[in-house]
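Source: prediction; values computed, not measured.
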Amino acid sequence: QVQLMESGGGSVQAGGSLRLSCAGSGFRDNDYCLAWFRQVPGKEREGVGSIYIVNIRNDPFYESSVKGRFTISRDKDKNIMYLTMDNLKTEDTGMYYCAARRFGCPYLSSTFFSFWGQGTQVTVSS
């Protein structure tokens with residue numbers, strides 16, 4: 001059973017940076033898609049970005065709202081995925097979740113992902 005745990009959230013002023021971590025365990029092989037989502041109260045969980053770890057090139061995908069500011073990386077030896085967030089904006093505030101699914105990286109919708117962490121809160125103030 002895949003287990004995921006996020007860490008690294010906190011409060012930061014607009015323009016600042018944070019790095020989130022997602023420690024994973026229980027993977028059967030490398031055929032997983034790992035992703036970051038975020039959610040604010042009253043809104044649906046939205047995708048931030050994803051990485052298909054079986055892809056040799058490991059090029060992450062980013063939603064347009066974060067492209068150029070957020071970076072997904074991975075320490076494959078430690079099974080940790082990172083989300084480095086630069087130039088943060090107040091609209092980036094939310095609970096951030098990492099997620100995983102087997103066999104491919106589909107459209108970045110929460111309905112396609114089977115495994116979830118508990119989330120870590122990010123608050124960006126003006």
Side-chain angles (χ1 to χ4, degrees):
Q1 179 77 354
V2 172
Q3 293 186 321
L4 304 169
M5 180 176 294
E6 306 91 340
S7 61
S11 297
V12 64
Q13 287 193 322
S17 299
L18 277 176
R19 190 179 77 162
L20 307 183
S21 300
C22 172
S25 62
F27 298 107
R28 295 184 184 181
D29 49 38
N30 281 336
D31 200 352
Y32 284 87
C33 179
L34 305 179
W36 288 98
F37 287 81
R38 64 187 181 187
Q39 188 171 25
V40 296
K43 290 190 175 182
E44 292 187 0
R45 195 167 293 187
E46 66 170 359
V48 172
S50 62
I51 183 169
Y52 187 28
I53 61 176
V54 80
N55 187 324
I56 294 175
R57 293 181 59 201
N58 276 347
D59 289 338
F61 166 82
Y62 302 98
E63 290 291 352
S64 58
S65 59
V66 305
K67 196 169 185 179
R69 300 187 298 119
F70 289 12
T71 303
I72 293 174
S73 58
R74 193 172 71 93
D75 184 329
K76 60 181 180 180
D77 294 329
K78 296 181 180 178
N79 269 337
I80 299 176
M81 176 176 63
Y82 299 100
L83 179 67
T84 302
M85 305 182 292
D86 296 316
N87 191 20
L88 281 160
K89 304 177 181 180
T90 55
E91 52 263 43
D92 295 318
T93 293
M95 185 70 78
Y96 281 70
Y97 299 89
C98 64
R101 59 161 282 137
R102 292 204 75 193
F103 308 131
C105 264
Y107 174 69
L108 201 54
S109 168
S110 60
T111 58
F112 295 131
F113 287 80
S114 305
F115 307 104
W116 292 89
Q118 294 300 308
T120 186
Q121 178 68 35
V122 171
T123 302
V124 184
S125 58
S126 59

Do [X] and [Y] have side chains that get closer than 4.5 Å, going by heavy atoms?
X    : Y   : answer
L88  : L18 : yes
I72  : Y62 : yes
Y96  : Q39 : no
R38  : D92 : yes
L83  : R19 : no
Y82  : L20 : no
F113 : L34 : no
F70  : T84 : no

task: Compute the ring centroids of Y32 and F27, then answer whether they are less than 6.0 Å apart.
output: yes
field: is_close_aromatic(W116, F37), centroid dist under 6.0 Å
entry: yes
What's the spacing between [X] [atom1] and [Y] [atom2] if we round to 0.5 Å?
X   : Y    : atom1 : atom2 : answer
S21 : R74  : OG    : CZ    : 14.0 Å
R69 : S17  : CZ    : OG    : 10.5 Å
D75 : M81  : CG    : CE    : 12.5 Å
W36 : L108 : CH2   : CG    : 13.0 Å
I80 : S7   : CD1   : OG    : 7.5 Å
E46 : S109 : CD    : OG    : 11.5 Å

message: Atom CD of residue position E44 - does it have more than 12 heavy atoms of other residues, nucleotides or ligands inside 6.0 Å?
response: no
Shortest non-hydrogen contact from [X] to [Y]?
X    : Y    : result
P60  : I51  : CG-CD1, 4.3 Å
G104 : C33  : O-CB, 3.3 Å
G119 : E6   : N-OE1, 2.8 Å
V124 : T93  : N-OG1, 2.9 Å
M95  : Q121 : SD-N, 3.5 Å
G26  : V2   : O-CG2, 3.8 Å

task: Under the side-chain contact (heavy atoms from CB on, under 4.5 Å) rule, what do V122 and M85 come out as? Steps first, then yes or no, please.
output: CA-CA 10 Å; V122 171; M85 305 182 292; 3.9 Å; yes
query: Among the clusters formed by ILVMFWY side chains lying less than 4.5 Å apart, do I53 and F115 turn up in the same one?
result: yes
- request: Sort out for me which residue in D59, D31, N30 forms a side chain to side chain donor-acceptor pair (under 3.5 Å) with Y52.
  value: D31
- prompt: Looking only at atom types and distance, does a side-chain atom of R101 sit under 3.5 Å from a main-chain N or O of F103, one as donor and one as acceptor?
  reply: yes
